[in-house]
Structure formats: C-alpha cells, structure tokens
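Step one of this worksheet: look at the structure below.
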Amino acid sequence: MLSDTRLTADIFQLADSRIFRDPVDLSVLAGYESIQLDGETDLVVELIDLYFDEVPRRVQAMREAMRLTDGKSLASAAHALRGSSGNLGALQVAQICTEIEGLGSVEKWSHLPSLLSWLELECEIALHIFMQERRTRMR
Amino acid sequence: MKILIAEDDLVSSRILATTLTKWGHEVVITDNGFDALAELQKDDAPRLAILDWMMPGIEGPEVCRRIRQQNKTTPTYMILLTALAEKAQMVAGLEAGADDYLTKPFDRHELRVRVQAGERIVELQSSLVQRVKELEVAIGEREEAEKALLNLSLTDDLTGLYNRRGFFTLTEHRLAAARRAGQSSLLFYADLDGLKLINDTYGHSEGSVAITITAEILGRTFRNSDVVARTGGDEFAILAQNASDNETSIIVDRLEENFRAFNAQSSRPYQLSLSMGAVLVDLNNDQSVDDLICKADEAMYAHKRSKESWAGALVEGRPLPGRITRYPLGNKTL
C-alpha cells in the first residue's frame, strides 16, 4: 500500500491540517484500568485483541463497498471502525474514518482510494503501537 | 439491573459491558437490531437498553420505534448511542422513542449519570405499575368482600328473601322512617307448620322445597315495599309498611287464599300451612324490633296451639291443611 503513488500527493491535496492527528493516545487505554473486573483477563489486552479482529473486517468491508459503489455499506463500516478506534484512542484512524463516512454520494468519491490506502497505513501504525502495549502488559 | 447492549462495534460493546458489569449490572449483549428487538420483546426483557444508532439489521431508532409501538405497561428505557458528529440527529432519535442518548466514544461519568437516570425512571415506573396492580387487587377484593358481605349478611341463600340480619337492619330503618312519617306498620311472625315432619318423612331436600314454596307464596302475598324475611329454619318475619290494624284481615285472607290455591293444585304429598302472629307497631312507643318480634312470636304460638293436631293425619298419608283462620293480633283475637 505504501507503493501507492497517488497516496502522498492526494493526502496533501486534502490540505486541511485538521485531518492530521497523533496516531494513538495511549492514555485512553490506560483509562480502562479503572473498570478492570477482579479475576478477569486484562481488559486492555482484551480490547486490543478485539480491535485486531475489528480492523481487517471493517477495512475489507470498505474496500468491498468501494468496489460495488455501495455508499451505505461504506459509511456503515467507516462508522463502526471510527467508534472502536475512538474508544481505544486510535485518533488518526478515527479521523480518516470520519472523512470516509462523510464522503456521501459517489460523485465525491475521487479521494476514496487514497483515503482507504491511508487508512490502511494508519491502521498498521495503530496496531503496531497497540501490539507493543499488549506485550508490555502481558509481561 | 439487567441492561441490553446492542452494538456491532465489538470494542465499544466490550467496554460498555465491562463498565456496566463493574457497576453491578447484568448485561445482555447483541450485535444487531434484530436480536436487540427479540431480546426486548421477551417476558423477562431488560428494562434498560443501550442501542447503537447504526447496526446491521434494524438500526437503533427503528428498534426504539417498534418497542414504543408495543405500548407495554412497563416501558423499556432506551438510550441511543452514536458519534458526536451526529448529535443533531438525536432529535430524530428521541422522536423515534429513545429516552436519552450518549455520544461515542462515551465518557464513563456521563454514561454513569445517564444510566442512573434511566434506572430511577425504570424503578419509578415499576413501583407505579406495582402500586396500580396492588390497588386493582385491593379494589377487587373489597368489591368481592362487600358483595359477599351484602349477600351473606342480608339475604337468605335458599329463598332469596332477607335473612334475620337483613330483616333487623331494614326494619329498624323502615320503622324509624315510618315513625317520623306517622305511618303505622304491621309486623308478622310466621312458622311453617310441620317442617320437621316433612324433613323426617320426605328428607331435608323436600323440606327445603317446602320452605322455598312458602317463601315464594309470602313474596307474592305481600307488597314489594314490604320486608319479607326468613329469620330461621322454618320461621319468617314480615314488616308490612303503611298498613293499619284493619288491613290485617285483608292480608291474612289473601295469604290463606294463596296457600289454599297452592295446596289445591300441588302434587306434593303434604299440604302447606302457616301459623302466624301479628303486632301493630305502636307509633308512640319506641319498641325495638326484638320486642316486636317477641310479641308477634307469642301471638304466632297461640295460633299454632289453637290449631288441630295434624301430625297424626300426615302419618296416615293425608295431612290436614293448616289453617290460618283465627289468630291473635297482638293481644287481640281476630
């Protein structure tokens, strides 16, 4: 996906600094320690694992929706991933999802391939950070 | 409290579930609108639901709309869950029947406050429903009790006439009213002749038939406004209102005629007769119903004693008709 030549150019075409965020705010995850149930598996680890399942499923759904030009499914998948990303502090992923969800009609989809590629890149970054966090917690 | 979580975003769902469990709630989790609707339609459905706006199957607002249409006595408290940017849509969500909303990613303090508000509403509704149920039961019981009390305490099951209590209750009121109005009344006391013999010879069910027939004859001899009662096994008391001394013989004649007519066409193996005494209620003398009955009773016994012995005749197969011919009216003899 990094080889997608349009990516860099398209992203900078968006030219709105509000779209750029820190990839992950780890303090969000740390906040869940307070609701950790005694005797149960580490909630943060469990949430990270759920997110690992969630990301490929939603990205795949968005790719499929783009192929079928199915706006409703695209918005729905973006909405879902925005929710889980927001809940875990994956701010940049959540922000790109917001952009995709707000694309609306097919005529405005010119940036969609770039946005999806960027989304995949940011998902990898976020998952990498979460994986490190998971390792730390499992020690 | 049992709370439904309907959320297809598994991360949000897990956070919600863990948070609510931590706060002591029991959670039911679904990831689509169909299952959410099914859960909320169960008999032991959660009373509070947190529904994601966008879900596979049926979306949150539509779930709200369908649940509201069912108009349950214990309504579900529904909180719609969605992203901050959709806040404007919340009006539509609330119009669809949601009670409240929560934005994602949700703030746990806000979640707590909103769930607590929902809990209070649900508990309030439950206690109201419970109170209404209790009141309905209490009203039902009271109505039943009043009905039973009225029937049991004032009327006689076998004949449908008033019973002793009914007679005393009504007569006291009627006599008081009659005294105020200056109207004279007659109080009769009657005894069905030979009931014991009928019971012994033909059985108690036949005895009951004899009592019922006697009651029926008394009922149509006296006026609807008179108080006709069966005060004991074979004893009857009647208050004839607005009746004077000289009407006694008219009433007695009518009663005799009615018994005669019955006995003439009856296929029963016995004939019915009454012994009867009567007293004129003294307007200037505040006699109790008890006193009046005592006097009428004495007169009745005098009448009974004056009759021929009919017992032997009954044993021989053809009883003598009892005669209500001459009997005393108070101290007078008619």
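Computation of the quantities below employed the complete heavy-atom set of this structure, encompassing side-chain atoms and omitting hydrogens, waters and symmetry-equivalent molecules.
In this structure, chain B has no heavy atom under 4.5 Å from any part of A:S85.
Here the side chains of A:Y32 and B:R14 are not in contact, with every heavy-atom distance at 4.5 Å or above.
Under a 3.5 Å cut-off, the side chain of B:D9 and the backbone N or O of A:S84 do form a donor-acceptor pair. At distances below 3.5 Å, not a single donor-acceptor pair connects side-chain atoms of B:R108 with backbone N or O atoms of A:I35.
Closest approach of B:L10 to A:L50, counting heavy atoms only: O-CD1, 3.6 Å. The minimum heavy-atom distance between B:M54 and A:S76, with the atom names listed, is CE-CA, 3.5 Å.
By the side chain to side chain donor-acceptor pair (under 3.5 Å) test, B:E95 pairs with no residue at all, sequence neighbours left out.
Between B:D8 and A:R58 a salt bridge is recorded (basic side-chain N to carboxylate O distance below 4.0 Å). A salt bridge is defined here as a Lys NZ or Arg NE, NH1 or NH2 lying under 4.0 Å from an Asp or Glu carboxylate O, and A:E33 with B:K22 fails to meet this definition.
Within residues 65-75 of chain A, the residues that have a heavy atom under 4.5 Å from a heavy atom of chain B are A:K72, A:A75, listed by number. Within residues 41-48 of chain A, the residues having any heavy atom less than 4.5 Å from a heavy atom of chain B are, in residue-number order, A:L43, A:E46, A:L47. Using non-hydrogen atoms only and a strict 4.5 Å limit, no part of residues 131-139 of chain A faces chain B.
With a 6.0 Å radius and a threshold of 12 heavy atoms from other residues, nucleotides or ligands, B:K2 has its NZ atom above the threshold. Around atom OH of B:Y162, no more than 12 heavy atoms belonging to other residues, nucleotides or ligands sit under 6.0 Å away. With a 6.0 Å radius and a threshold of 12 heavy atoms from other residues, nucleotides or ligands, B:N224 has its CG atom at or below the threshold.
Rounded to the nearest 0.5 Å, atoms OG1 (B:T18) and CD (A:Q36) are 8.0 Å apart.
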Query raised in the report: Can you list the steps and then say if B:D52 with A:H79 is a side-chain contact (heavy atoms from CB on, under 4.5 Å)?
Result: CA-CA 11 Å; B:D52 191 25; A:H79 175 87; 4.3 Å; yes

